2 protein chains.
Amino acid sequence: MWHRALVPEAPANSLRRALALLDALASDEARAQGGWGVNRLSAHLGRDASQISRTLRVLAETGYVERDPDSLRYRIGWHVFALAARAVDKRLLDAARPIIRRLAGADLGERIHLTVRSGPDVLTILTEGPTARSVQAMGWVGRLVPAWNTASGRALVIDLGKDELADLLSTASFSGGGPNAPNDVADLHARIVVARRIGYVTVEDEFEDGLSGAAAPIRDVHGRVVAALNVSGPTFRLRERLTLAGKTVQAAANELSAHLGWEGQVGTEIGPARVVPGKLA
Amino acid sequence: MWHRALVPEAPANSLRRALALLDALASDEARAQGGWGVNRLSAHLGRDASQISRTLRVLAETGYVERDPDSLRYRIGWHVFALAARAVDKRLLDAARPIIRRLAGADLGERIHLTVRSGPDVLTILTEGPTARSVQAMGWVGRLVPAWNTASGRALVIDLGKDELADLLSTASFSGGGPNAPNDVADLHARIVVARRIGYVTVEDEFEDGLSGAAAPIRDVHGRVVAALNVSGPTFRLRERLTLAGKTVQAAANELSAHLGWEGQVGTEIGPARVVPGKLA
DNA sequence: ATCCCCATTGCATGTCCAGCAACAGTGTGG
DNA sequence: CCACACTGTTGCTGGACATGCAATGGGGAT
């Protein structure tokens, strides 16, 4: 009947405490100090050091944390990274499907694509139209289009500098697009700079005359662009609401980025507070 | 006094089981099936479904897993991604990216990996191929390969003595590699001694027949090996220039080590190196 | 309608987790 | 040199909580 000097708290749960340990190690403060030792953690979490020590041993054995043999401090282990990295592609598809469906349906009523970059080309990996339910066998998936004259492509290279762009598109010819297509790398880069500032891309008659679209980048934990969300349709139907379309796909893309752990401009803390996956941020 | 129908097993530990749950959800099989349900997991882990259900509830509340409301299946959650982002050393990653790109392109023209060690396994955290295909990269990052029959692995354990090696690989079976793979710890250690002398590792047909590679260790301020730089490609294309490849990755790895503050010399024993005033950025 | 498989919950049982105290190292200052 | 203030680990005991079984409630099939 020892004094419950430390958090009398509600029906706790040992698992929850162990997970809190991981969070503590992931905090900016802990990382800045090269990890935390047992006592520091025990103070932070308000529990006895003995149990922290024992719990950490298990976490270390399983690779969830690692220990610096000299300082005896613990850090988040690479095992966690491996877990996340292997799940990222599958996860993106799972999370994207309902969102794409929603956009293609009520929100925008135009065809929505999820794309990734393959060198200088854009590869569509998931698509949904307003009418065709779950019929994705329209030849859209797997289709390659150029990056330099499409909204998706521009979103996928939105972080690249002029030199990187030139390098990437060295084999591409700036010809064959629609009337508004960029003429060269400098032109393309100028448009990218604009897109970067507003956070999404809009194109009008660039890929093909009469075809317009908007796109926004999806980022992974490191902030790297791994995919893009894109709406595409005839100019006459889309022109008036191209800005709205851009903002809509941007919101959805941000939602997907959050699913991949990107914390972007949102708070840097990792806490239990979730980053609104529900409605547009 | 119920029948222990399910594994009477040794003194288990609820935390260990919960972590095993996460690992199971990250498995290729589980991911391919869009996550696993309670019963599937219970069968896989050999425990009662009730406890799986309860544990998953906690994991779901904390965001470590999340659930598809339709299929009721679980998959890795956003929280893991957030943790993973904080497990990586951003300094190393940022410094490595351009160097890896350079090596993969003009310098060597083969795929380059940045790897770290996670227990007896090697984890790829960054990769770049001669043709920039971000889709392919997704399959490499997060991948685990054994340390004992790969160039990266050998570079990552290059400082370990025979005893430490034996300890580390106690659970590994020296089988299943290519024709040139080491037969036992003594064999492996002998090869490591050679690599330590020349400062880099080369392997030919060890991990897989027809696959060769070279690797070199990256060290932090304290001289500890924290990562490895690795080039990998088909033996027929790499064999003739394996030494060149080794020296190339070694130079790049040393460059990265310098970024991390290492001032030592390959081969020289410990000793407080003089403080260098100018630090290259 | 019945059957089967799924996930969840109530409950009795005892495992094993919690906190305290003692112990073992290591670095610091007297 | 010892005392001291730190680290992190281990022995011990009581009881919180994880465990396995059985029962309940849903969905789909047939």
Side-chain angles (χ1 to χ4, degrees), chain A residues 1-22 24-25 29-30 33-62 64-75 77, chain B residues 1-22 24-25 29-30 33-62 64-75 77 222 272:
Chain A
M1 76 91 146
W2 49 82
H3 317 73
R4 44 218 54 216
L6 306 176
V7 252
E9 269 188 28
N13 158 323
S14 65
L15 173 55
R16 233 177 273 264
R17 282 170 225 165
L19 299 181
L21 237 166
L22 287 178
L25 286 178
E29 198 181 348
Q33 298 172 16
W36 274 350
V38 171
N39 276 326
R40 184 77 183 74
L41 281 165
S42 125
H44 182 80
L45 297 174
R47 349 204 54 76
D48 195 87
S50 65
Q51 200 53 27
I52 301 284
S53 175
R54 288 188 259 249
T55 301
L56 281 171
R57 185 184 304 154
V58 175
L59 289 172
E61 277 173 21
T62 47
Y64 279 78
V65 302
E66 279 165 3
R67 186 168 215 185
D68 181 334
D70 293 337
S71 68
L72 294 186
R73 292 180 177 182
Y74 287 94
R75 291 170 295 149
Chain B
M1 150 39 172
W2 49 83
H3 315 72
R4 51 226 40 230
L6 303 176
V7 257
E9 269 192 25
N13 158 324
S14 67
L15 174 55
R16 226 177 278 266
R17 283 171 217 169
L19 299 180
L21 239 166
L22 285 179
L25 285 179
E29 201 180 347
Q33 297 172 17
W36 275 350
V38 171
N39 277 330
R40 185 78 182 75
L41 282 164
S42 118
H44 182 80
L45 298 174
R47 331 215 62 81
D48 194 86
S50 65
Q51 200 52 28
I52 300 286
S53 175
R54 287 189 260 248
T55 301
L56 280 171
R57 182 184 306 152
V58 175
L59 289 173
E61 277 172 20
T62 48
Y64 279 80
V65 303
E66 56 192 28
R67 185 169 217 184
D68 179 348
D70 295 333
S71 67
L72 293 187
R73 290 180 178 182
Y74 288 94
R75 48 179 188 197
H222 307 110

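These numbers were taken from a predicted model, which means no experiment stands behind them. Numbers restart at 1 for each chain; the letters A, B, ... are given by sequence-line order, proteins then strands.
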Produce the list of close N/O pairs, under 3.5 Å, pairing protein atoms with atoms of nucleotides 2-5 of chain C; give distances to one decimal.
none

What N/O pairs connect the protein and nucleotides 28-30 of chain D at under 3.5 Å? Give each pair on its own line.
none

#### Entry: Residue pairs involving residues 40-59 of chain B (criterion ring pair (Phe, Tyr, Trp, His ring centres under 6.0 Å); sequence neighbours excluded)
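The answer is B:Trp36-B:His44.
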
#### Entry: Listed nucleotide nearest any side-chain atom of A:Gln51, set C:dC17, C:dT8, D:dT19
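Selected nucleotide: C:dC17.
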
Does [X] have any side-chain hydrogen bond (donor to acceptor under 3.5 Å, both in side chains) partners at least two apart in sequence or in another chain, and if so, which?
| X | answer |
| --- | --- |
| A:Gln51 | A:Arg54 |
| A:Asn39 | none |
| B:Arg40 | B:Glu29 |
| A:Arg67 | A:Tyr74 |

### Query
What residues form a salt bridge (charged side-chain N to carboxylate O under 4.0 Å, His left out) with B:Asp68, not counting sequence neighbours?
none

#### Entry: B:Thr62 side-chain N/O to B:Val58 backbone N/O, donor-acceptor pair under 3.5 Å
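Judged by distance alone, yes, a pair lies under 3.5 Å.
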
### Residues forming a ring pair (Phe, Tyr, Trp, His ring centres under 6.0 Å) with A:Tyr64, sequence neighbours excluded
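By the ring pair (Phe, Tyr, Trp, His ring centres under 6.0 Å) rule, A:Tyr64 matches A:His79.
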
### Distance (rounded to the nearest 0.5 Å) between B:Leu21 CG and A:Leu15 CG
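Answer for the CG-CG pair, B:Leu21 versus A:Leu15, is 9.5 Å.
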
### Task
Take the C1' atoms of the five end pairs on each side of the helix from C:dT2-D:dA29 to C:dG30-D:dC1, derive the two axes, and give their angle rounded to 10 degrees.
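Axis-to-axis angle, ends of the helix: 30°.
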
### Message
On the nucleotide C:dC17, are OP1 or OP2 found under 4.0 Å from the side-chain N or O atoms that A:Arg47 carries?
### Response
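Negative; the distance criterion is not met.
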
### Query
Does B:Arg16 place a side-chain N or O at less than 4.0 Å from the phosphate oxygens OP1/OP2 of C:dC17?
no

### Message
Restricting to side-chain contact (heavy atoms from CB on, under 4.5 Å), what partner residues turn up for A:Ala20, sequence neighbours left out?
### Response
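For A:Ala20, the residues satisfying side-chain contact (heavy atoms from CB on, under 4.5 Å) (neighbours in sequence not counted) are A:Leu45.
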
